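Some notes on the structure that comes next.
Numbers here are sequence positions counted from 1. Basis for what follows: all heavy atoms, side chains included, without hydrogens, waters or symmetry-related copies. This one's a predicted model, so the numbers in the text were calculated from it and none came from an experiment.
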Amino acid sequence: MNNKFVTTRVGGLARTIITLLAAASSSSLLHQNLRPSSSSSLVVSAFSVTSIHTLSVTTSSAARRQYNRRSDFSNDNIIHQRKRHINIIQPLKMSSSTATAKNDEGDATFANASATKNIPTFDGDEKAKATDFANYFSAYSQLYHQKQMLTDHNRMAAYHAAIVGNSQVFKDKVVMDVGTGSGILACWAAQAGAKRVYAVEYTDMAHHARNVVRANGLDHIVTVIQGAVEEVVLPEEDWERFGLTLQEEQDEQQVLPDGTKDQRVVDIIISEWMGYFLLRESMLDSLVRARDTFLKPTSGLMMPSHATMMIAPIVDEEERKHQQNEYAAGMEDWKEFAETTSNLYGVDMSVLESNFDREQKEYYVLSSRWAELPTSCLLAECAVVKELDMHVCTVEDARGVGLSVGEDEGNGAPFDFDVVGRSYADEDDGGGLAGPISGFAGWFTVDFKSRTDDAGKDVAPQIPNPAYLSTGPEMGYTHWGQQVFHLPSAIPLLADQTTRIQGTLEMMRTKDSARLYNVRLRFSSSRRRSSSQDRDGDVLMKGKPEELVYQIP
C-alpha cells in the first residue's frame, strides 16, 4: 500500500480531527510526528495495521531531539538519532493534551479513562475502549514494536533466568502470561515444564503469538487467548483435561458472591508490564486484577515479584541547555510570526503569546525526557520513592506515588540528597563533583524472588535462583532507559561545600488518560561547608522552595 504524506502546520482543530479519526477506527493507525504545540510540523500517514512502513523525512531541529519512547501513544516517538535525515517508524501517539476530543456540549467524547478514572479495559464504555485501543494497544500489535523489546538483552536475560533458571518451580504448574505479545515468555514457561500456559494478549499480536507457539511445537501446552485479561474466562474443558484445581482442593468449583466461578487455579503469573518510570501505561491495574481473579492466593507466585522506583540528582547540562535554547528559539519565532502577521495581514496575534509560551514551556522545559545516562551523571546515591510487592499491591498503589488514598495529591514520597562539591585539596585525584545539578533522573528495578508477604512466604514454593532487572544507568541500554526531569535553572556546586536537595515527589495520572502520568517535585536547596557534620546547622545558603510539575509523555 502506498502512503501519501501531508505536511502542515497543526492547530487545535487538526489535532481534534486526528483524535477522532484514531478513536473511531481500529482498522487504521495514524502516523504523526507531533508535539503538543500549535506550531508543530506534522507528518501524517494512515495505513492498515497489518502493514508496517518506514518513513524517511527531513526533520526540524526540535524533532531531531526527540527520544526513544517505549509506547508511542504519547507525544514522543522512536526518534533517537541526531541526524538531519533519519528513518522513523511512528505508530499513533497522543499526548495528555491531545488525548481527549470534546463535543459541542464540552463532554469528553474520546478519553483514555473510564468514568471512574480506571483504565478503559476494566470498566470503560465502548468509546473509551476504542480510544484506548487506538492510543495505546495498537502500537503493541506491530512486530517492529515487539522487536524493540525483544532486542533489549538486559530485559530478555532477566526473564529467561527467572523462568528457565527455575524450571523446578515451573514443572507441572499452571501459568498465565499477561500481555504475552509475541509469546516468548509463554514459550519459556512451557519449555521450563509448565503443564498448561494461558497466554493472554489484547491485540492482534495474538495471531503472531499463536504462530510462534505452533512453530516451536508448544501448542499442546500453550493456548493464546485474545482479549482483555479483565474479561478472560478459562476454558471449561481445561478443568478436567489439565487437572485444574483450586488451592484449597475443593470438591467442586465455587461460585463467588458476584455469580462468577472461582478461577484461582493459576500457580504462576508472569508478565512484562512495566512502563517508563515503572507506572506509565498503567498495565499494573490489569495485572492486579488478573492476580486477584486467577492466582492461587497463598501458594501462587508473581514474576516479577517485587518492584522499586528510585530517583537521583544528575548533571546533564548539554541536554538541559539545549531544551532551554529550543524554548527560547520558539518564543523568538513566535514574536517574528506575530509581527509579520500584524504588518502583512493587519491582525494582532500578540494576545495569544502567553498561551504559546505555556505550550512551549510544557514541552521543552516541563516534560521528562528519555535518556541513556552514564553512571558519571549521577551526583548522589539514589533514593527509593516507591516499593511494590506484586503479591499484595493494589490498584490504589498503581494510581501513583506519594498520594493520599483516593486523591490526586498527597504528602509525596520524600527524598534528601547531599551533593558534595569538588574539594581544592583533592583536585588532583578527582575528589568531589563539579556539577552543576541539572535535574533528577528516575528509573526502576524488579526482582524475581520468593514471596515475602505474611500470607505466602511459608506456603508458596521458594525461588532457588532469584533474578534481577535494573533500568538504571549502571545497566547500560534498556528500552525503558531513564526519565530525566531537567530543572529550569541548574543548581551550582561550590568547592568544599555540600549542596543539600530536600523535598518530595508525587506521581499522578493525568486527567484525561489513565495511562499517562504527571510528576510533581517540591524541593528546596541549601549549602553548608563539607567539613560540617551537622546537616541542619552551619547553613551558608538556603534557597526558596520550588514546585515543578512535569508530564511524562
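- Checked options R369, R320, Q323; the residue passing with H486 is Q323 (criterion: side-chain hydrogen bond (donor to acceptor under 3.5 Å, both in side chains)).
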Atom pairs and distances, side-chain donor-acceptor, residues 433-441, under 3.5 Å, sequence neighbours left out:
unit_1	atom_1	unit_2	atom_2	d
S438	OG	D316	N	2.7
S438	OG	E317	N	3.3
S438	OG	E317	OE2	2.7

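- The 12-atom threshold is not exceeded at CD of Q533, counting heavy atoms of other residues, nucleotides or ligands nearer than 6.0 Å.
- A donor-acceptor pair under 3.5 Å is formed between the side chain of Q324 and the backbone N or O of P488.
- Within 6.0 Å of atom CG in N411, 12 or fewer heavy atoms from other residues, nucleotides or ligands are found, so the atom counts as exposed in its surroundings.
- Using a 4.5 Å heavy-atom cutoff, the side chains of M274 and E281 are not in contact.
- Aromatic pair Y198/F294: centroids not less than 6.0 angstrom apart.
- A donor-acceptor distance shorter than 3.5 angstrom exists from the side chain of N166 to the backbone of N465, with no hydrogens or angles considered.
- A salt bridge (charged side-chain N to carboxylate O under 4.0 Å, His left out) with D536 is found for one member of R528, R500, K542 and no other, namely R500.
- Looking at heavy atoms from C-beta onward, K361 lies in side-chain contact with D357 at the 4.5 angstrom threshold.
- With salt bridges taken as basic N to acidic carboxylate O contacts below 4.0 Å, one links R520 and E547.
- Closest heavy-atom contact between Y202 and A228: CD1-N, 3.2 Å.
- No salt bridge links R522 with E546; every basic N to acidic carboxylate O contact stays at or beyond 4.0 Å.
- A perpendicular orientation is assigned to the rings of F444 and W480, their planes being inclined by more than 60° (bins at 30° and 60°).
- T510 has its side chain out of reach of Y517: every pair of non-hydrogen atoms, C-beta onward, lies at least 4.5 Å apart.
- Within the 4.5 Å cutoff, the side chain of E230 has heavy atoms near those of the S286 side chain.
- Under the 30°/60° scheme for interplanar angles, the aromatic rings of F485 and F277 are found to be tilted.
- Between the S305 side chain and the K449 main chain, a donor and an acceptor come within less than 3.5 Å of each other.
- Looking at V446 and H306, their side chains never come closer than 4.5 Å, going by heavy atoms from C-beta outward.
- Contact between S404 and R399 at its shortest, heavy atoms only, is O-NH1, 3.9 Å.
- A donor-acceptor contact shorter than 3.5 Å links the side chain of W370 to the backbone of H479.
- Contact annotation: the side chain of D416 never approaches that of F523 to less than 4.5 Å [non-hydrogen atoms, C-beta and beyond].
- Scanning all heavy atoms of the two residues, the minimum distance from A467 to A158 falls at CB-O, 3.7 Å.
- The shortest side-chain heavy-atom distance between M205 and H145 does not fall under the 4.5 Å cut-off.
- Open room surrounds CZ on R529; 12 or fewer heavy atoms of other groups in view lie less than 6.0 Å from it.
- Residue V392 comes nearest to D453 through the heavy atom pair CG1-CB, 3.8 Å, listed as atom of the first residue, atom of the second, then distance.
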